[in-house]
Amino acid sequence: MLDVRNVDLFYGASQVLRSVSLKAQPGKVTAVMGRNGVGKTSLIRAICGRLPVASGQILWNGTDVARWPAYRRARNGFATVPQGREIFPQLTVRENLQTGLACLPRSERRIPESVLDLFPVLREMMDRRGGDLSGGQQQQLAIARALVTRPRLLVLDEPTEGIQPSIIKDIGSAIAWLRDRGDMAIILVEQYFDFARDLADSFVVMDRGEVIQAGLREEMVESDVRELLAV
Amino acid sequence: MARLIDRRMGVFLAGLFILTVALPMASSAAAGQLVPAYLVSLVGKYLCYALLAVALDLVWGFCGILSLGHGAFFALGGYAMGMYLMRQIGPRGVYGDPVLPDFMVFLNWQELPWFWLGFDRFWFAALMVMAAPGLLAFVFGWFAFRSRVSGVYLSIITQAMTYALMLAFFRNEMGFGGNNGLTDFKDILGLDLTAASTRTGLFVASAVALAGGLMIARWITASRLGRVLVAIRDAEERTRFLGYRVEHYKLFVFTVSAAMAGVAGALYVPQVGIINPGEFSPANSIEIVIWVALGGRGTLIGAALGAFLVTLAKTVLTGWLPELWLFALGGLFIMVTLWLPGGVLGAIETGLTRLRAFASMRTKEIET
Amino acid sequence: MKIVLCLPFRPYLAALLMALLVVLPAAGRTAGFEELVERLPHGSYADRAKVIDAISRTGDPRAAEVLNALLEGRLHARKDDGRIVILVDSAGGATAIDALSGENLGGVLAGSTEKIKTNNRLRGMLRTAIGALSLMSPDRETRLMAAQSVFASGDPANIEALDAALAAESDRQVATALAEARAVAILDTDAPVEEKRAAVAILRARGDAAAQAALAPHASDPAIGNEVREALSRIEQAQRVWAIAQNVWYGLSLGSVLMLAAIGLAITFGVMGVINMAHGELVMLGAYTTFAVQEAIRGAAPWLFDWSLLIAAPLAVLVAGSVGIAIERGIVRHLYGRPLETLLATWGVSLILQQAVRTIFGPNNREVGNPSWMSGAFEIGQMTVTWSRLWILIFALAVFFALLLVLRRSFFGLQMRAVTQNRPMAAEMGIDTGRIDALTFGLGAGIAGLAGVALSQIDNVSPNLGQSYIVDSFMVVVFGGAGNLWGAFAGAFGLGITNKLLEPWTGAVLGKILMLVFIILFIQKRPRGLFALRGRAAEA
Amino acid sequence: QTAPIKVGILHSLSGTMAISETTLKDVMLMLIEQQNRAGGLLGRPLEAVVVDPASDWPLFAEKARELIEKDQVAAVFGCWTSVSRKSVLPVFKELNNLLFYPVQYEGEESERNVFYTGAAPNQQAIPAVDYLMSEDGGGVERWVLAGTDYVYPRTTNKILEAYLKSRGVAPEDIMINYTPFGHSDWQTIVSDIKAFGSAGKKTAVVSTINGDANVPFYKELANQGISAEDIPVVAFSVGEEELAGLDTAPLVGHLAAWNYFMSVDTPENADFIAKWHAFIGDESRVTNDPMEAHYIGFNMWVKAVEKAGTTDPDAVIDAIVGVSVPNLTGGFSTMMPNRHITKPVLVGEIQENGQFSVVWETPGLVVGDAWSDYLPDSAKLISDWRAPMSCGNFNVELGRCGGA
Amino acid sequence: MSGSLLYLSGVTKSFDGFAAINGLSLVIMPGELRAVIGPNGAGKTTMMDIITGKTHPDRGQVFWKEKVDLSRIDEVAAARLGIGRKFQKPTVIDSLTVAENLELALKGQRGLTARLFGRSSRTMHADIMQIADRIGLAASRNDLAGTLSHGQKQWLEIGMLLAQDPDLMLVDEPAAGMTDEETMRTAELLRSIAGHRAVIVVEHDMDFVRALGCKVTVLHQGRVLAEGPLDFVSANPEVIEVYLGR
Ligand SMILES: Nc1ncnc2c1ncn2[C@@H]1O[C@H](COP(=O)(O)OP(=O)(O)OP(=O)(O)O)[C@@H](O)[C@H]1O
Ligand SMILES: Nc1ncnc2c1ncn2[C@@H]1O[C@H](COP(=O)(O)OP(=O)(O)OP(=O)(O)O)[C@@H](O)[C@H]1O
Ligand SMILES: NC(N)=O
Ligand SMILES: [Mg+2]
Ligand SMILES: [Mg+2]
């Protein structure tokens, strides 16, 4: 399980995360919510190892990984679907998926069919360059790519952004399915409230780099949270 | 005007002014030659390089056009001036031909090629100093920018341009003296080039040109047009969708910058006494980029400082460590990139800020 | 304005004059083989020419060997007794054989004998003379060479010998060569018209520049002029076609050199986006590695010389590759995302590497020899193909396709492309970006080193080697379209062939200028190179 | 007074010309060291001031000025390329100092402050062509003039073309070809030469190809199998140093014309080579013609200073004309009033060991001619810096000195 | 079409044989607000590329105000005609401040000399302030755009579009990355803008589309699948099948 404790993060001189804490457990979805620019993405990046934290701990099954390089975290089960998708534009869809194989032992380097079953459109586009796909197609590819690494912690930064309704539903059920498998901790950053509410087991609401409310789904009152998200 | 001269620029111009006044005085006989006289021309040369660096920074730092061929514009300006100086020699050449320069005489040229006409007049030469490089930049840029050549592709074709010009000017048939170039100048505007007063005049002219170049560059970049340039540098596509004719803007700064480089070349030639196709060499143009990068790209003053520092280092080191200086210079380049990400100017400014912060802390401590 | 000062006290001039006075009268009368050989060391080159001529006419069976030794610079005169000896290499120095008696005189000390000097004219004469004398040699190669040198002399005096040789010849190729040599000779005699016509036909069939030169003087011969002119125009036509083929070959070969020089850059610059100004110096390191290997071999194991390049190649990859990795780990690594600053830093590296090589190996050219399989040339029709160029072409293609395979088919290649397209994302996919970056840069550098091994065979090995290729390399990569290996391929061969087709028209200087102008214009048409990525992917 | 006399050494130690010039810096250091060991000059030690003009022509002028103004050197030994010499010329004139220039060059220059110890075209090119035309040289009738495209080859070839025509060579028997600096792909040109040479007449190549381009040129010659017996190449810029970078086995018989070869068998030369090897600490290092030129130039300067009793430039300039010092080929070279010196001209053949063997030499010494007799405008000029003429370009038609 | 602002007729565009737009026809009247929805990859962004001159169609015409053929001009000309665009992936000028980004977009002279010699006027300042306020970036107007968060960049880009004051606004997925409340605010904003100028909005958020309350065009495989009020099209079984899901 992931246990983020009192993380501080700076861009140059400006502090964007102030003592942020968060937990994520296998088989559970933790939703991170907050208005634009409150630091959600920054938090995600700190967890994945893209940004160095100034202080605080990121415990992964008891080990502090806060100083580990990103690839080492990935090889220990972290996978990310970043905001903005970050598809490798000049790799084909297949190659994009294959990049995730770096985490796996040589013998297991295969793209699992189950991933493609989740997003059938990718099957048709296997040999197209990732950068040529439409925005929504890229988003699906990004999720699929993360799943190829067989993660034990899946971090999704606004995965519904730009996705057509029917596929949002599919993604929702995919996340639910992954959650229900029970071996994966999921962190979901979402602005789309209904989507988050349906999936989340617990919530974290952020504002100006701080966690202003956190708790289990049952404890949360929708109108309160909506209030917090309003400007 | 106030907006044009910010603090940084003010300090720099003041420094330049002091240098311009003090150096000729210190080197004059009246002052007992506190410093050797040759420093006047030497520093004059640095000033020309600094102007050249400012010209490059204008296109590279503010519009993202990395020209690896700016040496060509410098050299063309230099050749235009060199041609004037050659014509000034008149019948004082070794063969005594009243019209033809010596290199044409012994290779049996019968008459002056058409493109040499007019260069016996200073005003014409002065015009060509800016017009020749400006025109080349305009034509080259017209095609390249219209075709949306950008990034490394543009850089490499500018390099191809200067390389092609170098090979062309090497050819004796071109009528520019081949590899030997143009040399053995005697006087400019009737003034003896070896006279200390002429040297001082050229030095001052270089300083004025540098100050002028800086002001023009500053004026362009601080204007509303400057913002478009930055937009083009950062997101060219986006700027187009806002309705800006990107190619016109690029063409404009590219041409202005080329003309500025031409002026630098023209002032450089009488001070060093030779112009030769080597000035077109791709390595020379890369060196200009190095100056700008070292001084701090996109700062104008940094570019000028970078040129000054690198060429000064070259002067000092080639005399002091003739067999090791490349190690020192190469090491300097590496260290600056690794440790001074903002270039020399950036480092100076952070240094000053820290110092100020430190000083104010101290004063506070004292106060409390 | 020329004043010639005569300074008669120059000692050896005087000695030469004395020798002339002694020898000259002797050359006049007919003399025996032995006497002629004894006379060889003395007199001027002109005298020696007469002596050689006389020796070749003696018909003495020893003549060919003596003349051959003279040609090869192995004929010496002993300083103490003036005896003429032939030096042969033997273990631990040279052994002297008496030129006349064939007696083995044992080892000789260096400096105890004096070489009998020849000049170009004498060597030409010697070759012809030896040719005429060895037309009947039992060795096929020797006979072939002999026939060729007799062809070159075109001397009618050899016709008899040629006839005899032809009658005895069983090898077809040698027989043709003999017939051709005879044909040239016949044209200069007053043989019957029919025979001359046959000779013209033989030369026409040969069809090369030498045949042309042999025929040309007879173009206005009243008897066979028509045939000769006809033959000449045929030969010319054929040669025009061959000339195009030849130029295309030159283009391919220039292209292979350009590609080798550029292909490492296609990785560091094209794929990784690092403006690596030190690329040329990495090529240079490869060349110096070759030099060092050859130097070691010369000193320790000369028999390995033919293998020197094969030994040097992996070492060059190692040397240049390690330096590349060091550059990446030490400098470039800190500059990803600041691509233009890599230009400044790698320029610094290139200055340092250049000066380091200058300090270690000296500023001069170093000698790198061609192994025997890289020397010389062979002919395809009227086209000359030099072995070194052919091997370099093969080598370049091999490197190219191997690299293509690595990039396209291997997992390393995939990771490498992922890392260069989006470094942080690649890391989040579990790719050790630091390692991949270092290896990629090392690969590019290692290939630059390989290029150096090849270039050492045809160019200077000097501290300036790198500088002379860097500009061309960037042109090639950009012309083809950065980021695409096929681009470098097409760029190199496209530019190579265009250049070589232009050169005969315009000359080398203008050709190169036109080439550059062509690149500039071409980029207007295709602003992202020949093999540009298209579509959204390119903009992303 | 024992303050050292400073001597400037202005040779490129980096950049493209370092390949040739570094050796000249070393030989100067050796000569100065020897002179000091022999007691210095005028009882004062000599001190070498080495700078690196870095193959950058304007930098040559800057460094020259620095040497003279800042370091106060008594004389400068330096430059290789003509353009570097042109670059520093005005500096030496203005500051009235001495430059000793050790490299063969195109002529067309005679300056009061410059002493040309390398060959003028009449001390190298013309005798070489004479040799090739002679019976011994093979009676060449057809000529390829191949050069790098810059002033020295252009001028030399202009002179040679005029000379060859004056000797009855038909224009179609002369092929002129220029290549860029550092040209490295010689396939086309070598095959053109081959074609030009297969026309039946004896053909030779006169090469004014510049330093760097020579190695690939000769490699291509060797690979395409052009032997010296078929088409000899006589070069004016290829010496022992250049051959050191080549496998000379396939090149045996090709020629070079110089005023000195390392292989020349004289006691002076043997001594010089021994000292050079000792100084440089490497038995495999070769000597070459420009090194000899510095040897001559330095000794002339030393002698002139001794004669004048001062290092004052004007005094030395006056004293040096007529000074005669031994050269390394067994004779004496004398400084002539036109600032050029007398030299023997030797033609050497390349040997397997990378040395040249002399196959021909001029019967006596040849005086360097500043102004070629084969260029129309230059033929009118003569140079004599002694009073009363006191100029480098006296026009015999007009009866006065030209220019300023 | 008479009186139309924009008229696409039979437009086709393929990439390497794949038809992204396939015989698309569409009419937009002046002042109209139009929502375009459709599956990922339906060709919505490509349609905008064609209207703005970024991509030239293989076949078909695109008429602007019945006169100008947009398929023949480039992006700059299209922008100058009065077509503004917000990209799917927000693109702003990173090293200019928010205010400068807006100033750059502000309607007015695009010419070289005008920008070189022109000075910013008081009204311009006021306009910029007003827009910054409207997009919630008034406080960060002097921050560099590069330091904004993803959603803030979205807003800035909308602000730039407002500043441009075009006759036709093409808005590609404005609500992506916004909170539900912001989404509604955006819808309101767009509704208020329409009327003065035409707006084409592409969005996948059905609540947002509903809030726009305008005619909806459904694109599928490069052509129009259905057109009409949201309730009408969302009842279309094909639309449900390919887009909305059950
Ligand atoms: N590279 C950067 N440099 C400086 N500041 C930055 C940088 N990136 C983001 N910020 C600032 O950090 C803060 C948090 O940004 P972050 O991207 O984490 O927000 P977010 O919660 O993900 O917002 P959104 O919902 O819009 O994606 C914002 O105020 C933003 O302006
Ligand atoms: N340059 C291109 N090369 C190849 N295919 C392309 C290119 N541009 C677009 N496509 C393809 O055309 C189709 C339409 O793409 P478009 O971006 O217009 O879709 P969209 O409707 O905007 O989708 P989304 O809602 O996901 O943003 C997609 O399948 C995409 O892969
Ligand atoms: N003077 C020469 N060789 O350039
Ligand atoms: Mg975010
Ligand atoms: Mg889209």
Side-chain angles (χ1 to χ4, degrees), chain B residues 36-39 41-42 45 89-97 100 102-108 166-167 170-173 177-186 193-194 268-269 271-279 281 283-284 311 314-315 317-326 329, chain D residues 13-14 22 25 49-63 65-71 81-83 86-91 93-94 106-110 148-152 154-155 158 178 180-181 371-372 375-378 380-381 392-393 395 398 400-404:
Chain B
Y38 76 93
L39 278 186
S41 288
L42 190 59
K45 180 173 107 169
I89 296 173
R92 288 171 292 172
V94 287
Y95 302 98
D97 191 301
L100 293 184
D102 289 340
F103 69 85
M104 290 189 186
V105 177
F106 72 80
L107 288 177
N108 275 344
M166 176 179 88
L167 293 174
F170 264 134
R171 285 162 51 87
N172 272 275
E173 262 107 277
N179 181 38
N180 281 6
L182 311 177
T183 52
D184 211 10
F185 310 129
K186 306 246 188 286
L193 267 175
T194 57
Y268 167 86
V269 166
Q271 296 186 85
V272 302
I274 182 170
I275 176 75
N276 138 291
E279 300 295 340
S281 90
N284 272 25
T311 43
K314 209 166 161 180
T315 298
L317 293 172
T318 48
W320 182 42
L321 298 170
E323 301 182 61
L324 297 173
W325 70 277
L326 280 176
L329 198 67
Chain D
L13 310 178
S14 58
T22 309
K25 177 228 30 173
V49 184
V50 180
V51 293
D52 178 15
S55 310
D56 176 350
W57 320 135
L59 197 58
F60 266 89
E62 181 190 314
K63 291 282 134 186
R65 203 170 271 284
E66 186 182 309
L67 283 174
I68 300 168
E69 286 201 37
K70 179 172 139 246
D71 297 310
T81 60
S82 289
V83 54
K86 292 276 184 205
S87 170
V88 300
L89 249 182
V91 178
K93 276 197 278 186
E94 180 194 334
E106 66 272 10
E108 303 305 305
E109 201 180 287
S110 177
T148 301
D149 194 359
Y150 72 109
V151 175
Y152 165 67
R154 285 265 174 191
T155 315
K158 265 249 148 47
Y178 291 105
F181 273 95
W371 307 103
S372 175
L375 298 176
D377 288 283
S378 152
K380 300 175 226 170
L381 302 185
N393 54 350
N395 190 319
L398 303 178
R400 58 177 165 79
C401 291

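Computed from heavy atoms alone, side chains included, the values below leave out hydrogens, waters and symmetry copies. So that the names make sense, note that chain A is the first sequence line, chain B the second, and so on, each numbered from 1.
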Pick one of side chain, backbone, both or neither for D:Lys380, based on which atoms fall under 4.5 Å of a heavy atom in chain B.
neither
Tell me, with the steps shown, if B:Val272 and D:Glu62 meet side chain to side chain contact (heavy atoms under 4.5 Å, CB included).
CA-CA 7 Å; B:Val272 302; D:Glu62 181 190 314; over 6 Å; no
Do D:Val151 and B:Phe103 come close enough that some side-chain heavy atom pair is under 4.5 Å?
no
Where on D:Leu375 is there a heavy atom nearer than 4.5 Å to chain B: the side chain, the backbone, both, or neither?
side chain
Toward chain D, the part of B:Leu167 with a non-hydrogen atom under 4.5 Å
side chain
Just jot down the ring pair (Phe, Tyr, Trp, His ring centres under 6.0 Å) partners of D:Phe181, sequence neighbours excluded, or say none.
B:Phe170, D:Tyr150
Taking all non-hydrogen atoms of both residues, which atom of B:Glu279 and which atom of D:Pro58 are closest, and how far apart?
OE2-CG, 3.2 Å
Is it the side chain or the backbone of D:Asp56 that comes within 4.5 Å of chain B heavy atoms, both, or neither?
side chain
For B:Ser41, which atoms come within 4.5 Å of any heavy atom of chain D: side chain, backbone, both, or neither?
neither
Residue pair D:Lys86 / B:Asn180: nearest heavy atoms and the distance that separates them
CE-ND2, 3.6 Å
For D:Glu66, check salt bridge (charged side-chain N to carboxylate O under 4.0 Å, His left out) against everything at least two apart and list the hits.
D:Lys63, D:Lys70
Just do the side chain to side chain contact (heavy atoms under 4.5 Å, CB included) check on B:Asp97 and D:Asp377 with the steps written out, would you?
CA-CA 9 Å; B:Asp97 191 301; D:Asp377 288 283; 5.6 Å; no
Have B:Tyr95 and D:Glu108 got a donor and an acceptor in their side chains that come within less than 3.5 Å?
yes
